[in-house]
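Chain letters run A, B, ... following the sequence lines, proteins first, then strands; residues in each count from 1.
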Amino acid sequence: MAAQAAPEQLLIARVMLESPLPQLDRLFDYAVPAALRGQATPGVRVKVPLRSAGRIARGYIVETTEAVEYSGTLSEIDEVTSSVPVLTPAVWNLARRVSERAAGSASDVVRLAVPPRQVRVEKAWQLEQQSENPPVEYRANPTVTGYGERIIDSALDAGKRVAVAAIPAVHEVSPGVWVGRWAVTLAEAAARTLASGRSAIVAVPDYRDQQQLIEALAVLVPLDRISQLDARQPNADRYRAFLRCLEAAPRVIVGNRSVVYAPAENLGLIAVWDDADPLHNEPLSPYVSTRDVALVRQEQSGCALLFASHSRSTWLERLVEIGYVAPFAPDPAVLPHVIPTADQPGADAAAHARIPSAAWNTARRALEDGPVLVQVARPGYAPVLACQDCRTPARCRVCEGTLRLGGAHQTPSCELCGAIAADWHCRHCESTRIRLVTAGTGRTAEELGRAFPGVRVIVSDGERPRLTVDARPALVVATRGAEPVAAGGYRAILLLDGERMLARESLTVAEDCLRWWSNAIALAAPRAPAIIVGVGGALARALVTWSQHRFAAAELPDRRTLRFPPMVRLATVTGRPETVEQAISSLPDSVEGHESATIDVLGPVDAGDGLVRATIRFDYAFGSEVARSLRSSIIRNSTGRTKRQTSKATGTKTSFRPPPVLRVRFDDTEILE
DNA sequence: AGCACGCCGACT
DNA sequence: GTCGGCGTGCTC
């Protein structure tokens, strides 16, 4: 450690390359030329030579050092693209951990975290930076209301992880502006964090939720303290909002799933609304959901973490049960008025479309007073296999997976483990007759409207979403998930397609339905009746007593017995048969210190195109071992052998690599559908 | 990806 | 003994 710093001490930049190639997923050392010394700081975008000068790769400087880690000749950084440090150390650490967890590339995660550069936007932002305005004043000491005196506040102030049951009501945040009460809770939590001088990230599933949250926030924090980071906004707007997050002043950063990667300085809170919504599942590699990213980031940063929903997911329930997340419920309690009718749709009321007469009468009466919500299933379900006699969905007798019909006249086989269901019989009624349930397109809104002559009908669905409706009488027909917020709340709610929604083939149908129904019921006016048709049992009980977490808790023992998520984790491996075989055989079979942890493999099953897919199930303790093993299989596969092919028609010889196929995906719940 | 290196068959 | 095709492996 002698002071031997020569005047021209070598400066090394460790660079993450922007490349999808798994074998390039590590840091590369480059020498920083004297001319670039001032700009070559961690987080900036650079261009570097890669393999024989001339080829240029883009990347980010992750760190600078004077210690050479590489024992070869160093190339020099070609260019510092921009002096803005867009990849902050915290986000880099998050990206690395998240990618390791999912056997993916850090650069894939960074791609989600850092929006593409917009030169004009960046220049404008840099100019604005120099003439910074004075700090704004926040409303003093905001508090989270509706959960008892300072209960949530003190949990958040202590940097805890909490699962909050949302308050099932609507709320008028400013004259004429109504939002779900949940949005107020999240806004209050964010405002409190901001007032303490720290930033908050709030992730919501979609744009409609984001709108409500922004409206709730607008009355609590100054507008210029709010950033919206939304994948559907234009690149320029997104990059502008992203750059503002890099500023030192605390902010509330709102957006959909990738907002959990926002570069918030001094992060005090991550809040996630409705973590089980499938929109929180990232469709891009390495497919890590908002919930998992939030958990990793909370662990790294020590910020508070708040999950809120009307219906607790089984994933969160597991975390509550192991004591990792603390549960909170509204105080005073708010109990919606839910009325289940076991009547089959249309059984007693042909005159009223398929609405049972009790529900029809309730709706008729409520329509004199204000809007009534009718929730219907989304049209066009994929055909599923079910018992012909009792309609129980058909499941594999080996592993409880979903049965699928491969071809038109084939014997059904298990989608998960591939077992042929030759001697299938229904577990519920012992029938041996199986049938294809082709769910129709459903009744149209017009048909429903005809049941209530003379009433204004408003439709809200995926194509024509409607965010709000006023307080005047109207029949609001909405597909699940697209229900508008009504001023003052709906005077009655009819959940019509219970049976059809439950017929969907998925491990998670019950909890999905509970979530869809709960979210709709939460839009009711105080004590307005919510009638759910054709649903009984534990699901109806959970809704009537408004204790969805108990339903989630009751699911877990079964999942543990069956070795299904969230009690174990899953990873699917797709590729050529030999490749998948190799990947499976190199999996570890034990983890030191966790001798009771187990791992098993289902399949492989045919995945089309000459590919197969295997599903690996493993205990949480196995996570990093499995990820590391699969990662090295991916690298081995992508650097592997070539195959030569001679074209017989032309006689030309071509040498090419078959596209290396070994796709790994962790925690994909859709595989169970 | 794209390019260099090296190992094995056919040639001056 | 040497040229070059193509498979293999590496990229700071």
Give the rounded distance in Å between these two atoms: [atom1] of [X] and [atom2] of [N].
X: A:R58; N: B:dA1; atom1: CZ; atom2: P; answer: 18 Å
X: A:L50; N: B:dA4; atom1: CG; atom2: P; answer: 13 Å
X: A:I635; N: C:dG9; atom1: CD1; atom2: P; answer: 15 Å
X: A:E76; N: C:dC12; atom1: CD; atom2: P; answer: 13 Å
X: A:R26; N: C:dC12; atom1: CZ; atom2: C1'; answer: 8 Å
X: A:L21; N: C:dC10; atom1: CG; atom2: P; answer: 14 Å
X: A:Q23; N: C:dC12; atom1: CD; atom2: P; answer: 13 Å
X: A:L17; N: B:dG2; atom1: CG; atom2: P; answer: 15 Å

Query - Nearest-0.5 Å distance, OG1 of residue A:T574 to CG of residue A:L611 - result: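 Atom-to-atom, A:T574:OG1 and A:L611:CG are 7.5 Å apart.
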
Query raised in the report: Side-chain contact, heavy-atom cut-off 4.5 Å: A:I56 with A:L50?
Result: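 The answer is no; the side chains never approach within 4.5 Å.
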
Query raised in the report: Is A:Y30 touching bases, backbone alone, or none of the nucleic acid, heavy atoms closer than 4.0 Å?
Result: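 Since only primed, P, OP1 and OP2 atoms lie under 4.0 Å of A:Y30, the category is sugar-phosphate.
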
Requested in this report: Tell me, please, which residues at least two apart from A:R198 pass salt bridge (Lys or Arg N to Asp or Glu O under 4.0 Å).
Outcome: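 For A:R198 there are no salt bridge (Lys or Arg N to Asp or Glu O under 4.0 Å) partners, ignoring immediate neighbours.
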
Query raised in the report: Should the ring pair A:F28 and A:Y30 be called parallel, tilted or perpendicular, given that the plane angle runs from 0 to 90° and is split at 30 and 60?
Result: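 Ring orientation of A:F28 relative to A:Y30: tilted.
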
Query raised in the report: Are the ring of A:F28 and the six-membered base ring of C:dC12 within the stacking cut-offs of under 5.5 Å and under 30°?
Result: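 One would not call A:F28 stacked on the C:dC12 base.
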
